[in-house]
Colleague: 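Below is one structure. I have some questions about it.
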Amino acid sequence: MPDTPFYGEDQAAIHHSDFGNLARDAATLLLSLLGDAGLRHGTVVDLGSGSGILARVVCDAGYRVRGVDISSDMVNLASEHAPAATFRCGSLLDAEIPRAVAVTALGEALNYATDPRAGLEELDRQARRVRQSLEPGGVFLFDISSPGWDGPTGARQQFHDRDSWTLYMRAEESPDRTRSDRFITIFRTTGPHTSRRSDEHHVLRLYDLEEVRQILRRVGFDVEVLTDYPSGAPRKALPDWNVFVARLRPQREERRR
Ligand SMILES: C[S@@+](CC[C@H](N)C(=O)[O-])C[C@H]1O[C@@H](n2cnc3c(N)ncnc32)[C@H](O)[C@@H]1O
């Protein structure tokens, strides 16, 4: 576990109120993929489930959702936002993955090195676990950041200013481009004349897109790589960040091969 808060109360609340579009768009894509595969009910496992935004949409569409997240503040928000789903606090690397129609990991959940075991070897192990648990036609949907995420200089800054909070992030990529360190400072209003500062330091492993594609293919998935989750309100394209749609063939097609 990191020594600073990780998606603590303030960052979790800001994620839920202002950065939920990605999960909503991913949920729309997931429901359409499951519909196309004829998988109209069953279990969806959400790794790094955050504040439960995808879980809520997918539960409302009639699926069971199990989420796991390492941040207890995120799990608390998720339990309120998606009460029909079940959430557990822990590392996604150890999450139980029952028989499922889909497994998701959105918002770079697989990049975070919150769990020191995170890395390409572990990604390979997770892909195998997911493959074994998915029903024929099932989907593994996730997004990851790759070397270059921090731009050509290897350093990037973001500043967001809203009525009740401001967030400043400084990100630095390691010279070998395998790691991104993000230093985040938040000021959030806590009362009419008071605000509070919180600092977080996130470490992410950056994975080469082609290596991830190869892992998924080796494990037995059909793989499609997208530049974003399709959205009604397109986001500014992020460099070196991609969405992976990894599908298992439906049983009838598998038998014909
Ligand atoms: C950018 S947020 C995305 C949350 C959610 N998937 C969404 O799209 O709204 C990344 C999430 O991954 C979680 N996370 C990071 N590393 C994790 C780990 N090893 N195990 C479980 N959750 C993790 C964080 O706590 C956080 O909630």
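Each ligand, and each atom within it, is numbered from 1 in the order the structure gives.
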Colleague: Between Arg182 and Glu108, does at least one N-O distance fall below 4.0 Å, as a salt bridge requires?
Modeller: yes

Colleague: Could you pull out the N/O contacts under 3.5 angstrom between ligand 1 and the surrounding protein atoms?
Modeller:
from     : atom 1 : to     : atom 2 : distance (Å)
ligand 1 : 6 (N)  : Gly48  : O      : 2.7
ligand 1 : 6 (N)  : Leu106 : O      : 3.1
ligand 1 : 9 (O)  : His15  : NE2    : 2.7
ligand 1 : 16 (N) : Thr114 : OG1    : 3.0
ligand 1 : 20 (N) : Leu92  : N      : 2.8
ligand 1 : 22 (N) : Ile70  : N      : 3.1
ligand 1 : 25 (O) : Asp69  : OD1    : 2.6
ligand 1 : 27 (O) : Asp69  : OD1    : 3.3
ligand 1 : 27 (O) : Asp69  : OD2    : 2.7

Colleague: Please check if the side chain of Gln126 supplies one atom and the backbone of Leu93 the other of a donor-acceptor pair under 3.5 Å.
Modeller: yes

Colleague: For residues 237-248, which side-chain N or O atoms pair as donor and acceptor with protein atoms under 3.5 Å away, sequence neighbours left out?
Modeller:
from   : atom 1 : to     : atom 2 : distance (Å)
Trp241 : NE1    : Asp143 : OD1    : 3.0
Arg247 : NH2    : Glu224 : OE1    : 2.7

Colleague: If we check side-chain contact (heavy atoms from CB on, under 4.5 Å) with Arg56, which of these qualifies: Asp60, Val58, Ile53, Leu54?
Modeller: Asp60

Colleague: Any chance you could pull the hydrophobic cluster mates of Tyr168, using side-chain heavy atoms under 4.5 angstrom and chaining through other members?
Modeller: Phe159

Colleague: Go through the structure and list residues passing ring pair (Phe, Tyr, Trp, His ring centres under 6.0 Å) with His15, not counting sequence neighbours.
Modeller: none

